[in-house]
Amino acid sequence: MKPKYFLLLPSLIAILLSFGCFSDGDVDDVVKATVERYREMEIREYQGANLDPAIGPYDNSIKGVQTVDMGSYRLTISGLVDRNLELTYDDILELDPYERLITLYCVTGWDATILWKGVLIEDIMDLAGIQSGANTVIFHSVDGYTTSLPLEQIQQNDLILAYSSNGLDLPAELGYPFMVVAEDKLGYKWARWVQEIELSDDSNYKGYWESRGYDNEADVER
Ligand SMILES: Nc1nc2c(c(=O)[nH]1)N[C@H]1C(S)=C(S)[C@@H](COP(=O)(O)O)O[C@H]1N2
Ligand SMILES: [Mo]
């Protein structure tokens with residue numbers, strides 16, 4: 001019996017070590033393969049305009065790229081609404097689709113022109129019934145990130161909540177399942193991995209970057 005245990009112990013250690021040594025590498029390889037696949041399949045031209053790759057060369061999110069568990073995912077509509085809603089991914093995809101070519105400008109100087117497809121944020125809020133006192137929409141994300149936009153701007157500019165970029169489902173890097181496409185607003189208004197849309201009457205609300213000094217208007221100067 002004894003010799004067998006002597007053999008068992010080193011092999012167990014070897015197995016444990018190999019997990020420890022290679023699991024990170026495997027995860028990176030999977031991410032790299034997914035990004036390459038996305039690059040191969042995404043649309044790169046739209047009505048004569050060149051599109052940028054949806055997945056940029058680096059990630060600047062506060063806690064890294066988030067992976068959302070779609071089994072339990074719900075988009076909550078809360079605050080100054082007639083009824084709180086918890087919508088599934090499929091509930092959102094049933095709304096009328098809108099497609100638009102829009103450039104995202106980050107304050108740090110880079111930009112990306114991407115073909116977005118999604119639904120009107122207003123259409124989602126209307127499902128819950130917007131109460132008359134509401135003037136601000138606060139987006140809460142899975143990573144704890146928050147940002148806000150005036151309700152009127154969302155309605156007047158037909159801002160969309162995107163579920164697709166360059167013809168494919170949003171990649172995790174761009175906020176799968178949903179990203180706010182805050183057209184004409186700086187990048188920090190484009191909440192990724194959105195899980196709650198809150199209607200508020202606090203027009204001075206300041207989100208994650210706004211409370212750290214970024215301008216709350218965030219208009220793109222061109
Ligand atoms: N949930 C979440 N959304 C976020 C951020 C974040 O850290 N967390 N960063 C914002 C900033 S500062 C920018 S510039 C854009 C970048 O989007 P992209 O890298 O996917 O193009 O995401 C915005 N949305
Ligand atoms: Mo940004």
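In each ligand, atom 1 is the first atom listed, and ligand 1 is the first ligand listed.
Heavy-atom distances between Tyr105 and ligand 1 stay at or above 4.0 Å for every pair.
Remark: ligand 1 atoms within the under-4.0 Å shell around heavy atoms of Ser141 are 1 (N). Ligand-side atoms of ligand 1 in range of Ile62: 6 (C), 7 (O), range being under 4.0 angstrom from any heavy atom. Atoms of ligand 1 lying under 4.0 Å from any heavy atom of Ser61, numbered from 1 in the order shown and given with element: 6 (C), 7 (O). The atoms of ligand 1 that sit less than 4.0 Å from any heavy atom of Gly187 are 10 (C), 11 (C), 13 (C), 14 (S), 15 (C), 22 (O), 23 (C). Residue Glu173 has at least one heavy-atom neighbour below 4.0 Å for each of these atoms of ligand 1: 20 (O). Contact atoms of ligand 1 toward Asn60: 12 (S), 13 (C), 14 (S), 16 (C) (distance under 4.0 Å to a heavy atom of the residue). Residue Leu104 has at least one heavy-atom neighbour below 4.0 Å for each of these atoms of ligand 1: 17 (O), 21 (O). Close approach of ligand 1 to Leu174 (heavy-atom distance below 4.0 Å) involves ligand atoms 18 (P), 20 (O), 21 (O).
Two residues are said to be in side-chain contact when any heavy atoms from C-beta on lie closer than 4.5 Å; Leu104 and Asp111 fail this criterion.
Contact detail for Ile160 and Tyr98: the closest heavy-atom pair is CG2-CB, 3.9 Å. Closest approach of Gly167 to Ile43, counting heavy atoms only: CA-CD1, 3.8 Å. The minimum heavy-atom distance linking Ala162 with Leu170 is given by the pair O-CD1, 3.5 Å. Heavy-atom minimum distance, Gly133 versus Asp201: O-CB, 3.4 Å.
Within 6.0 Å of CE in Met70 there are more than 12 heavy atoms belonging to other residues, nucleotides or ligands.
Looking at Gln66 against ligand 1, nothing comes within 4.0 Å, counting heavy atoms. When non-hydrogen atoms are compared, ligand 1 lies under 4.0 Å from neither the backbone nor the side chain of Val194.
By the 3.5 Å distance cut-off applied to N or O atoms, Met179 is not counted among the residues near ligand 1. For the pair Arg192 and ligand 1, the shortest N or O to N or O distance falls below 3.5 Å. Of the N or O atoms in Asp143, one or more lie within a sub-3.5 Å distance of an N or O in ligand 1.
Under a cutoff of 6.0 Å and an axis angle of 45°, Arg212 and Tyr214 do not form a cation-pi pair.
Residue Ile114 holds its CD1 atom at 8.5 Å from CG of Leu51, rounded to the nearest 0.5 Å.
When hydrogens are left out, the protein atom nearest atom 14 (S) of ligand 1 is Cys106 SG, 3.3 Å; that is the closest non-hydrogen contact. Looking only at heavy atoms of the protein, atom 21 (O) of ligand 1 is closest to Trp110 CH2, 3.4 Å.
Among Trp193, Trp190, Tyr58, Tyr188, the residue whose heavy atom lies closest to atom 12 (S) of ligand 1 is Tyr188.
Each ring pair (Phe, Tyr, Trp, His ring centres under 6.0 Å) pair with one or both residues in residues 118-140, not counting sequence neighbours, would appear here, but there are none.
Ring geometry for Tyr58 against Trp110 counts as perpendicular: the plane angle is over 60°, on a 0 to 90° scale with 30° as the lower cut.
A ring-centre distance under 6.0 Å is found for Phe178 and Tyr89.
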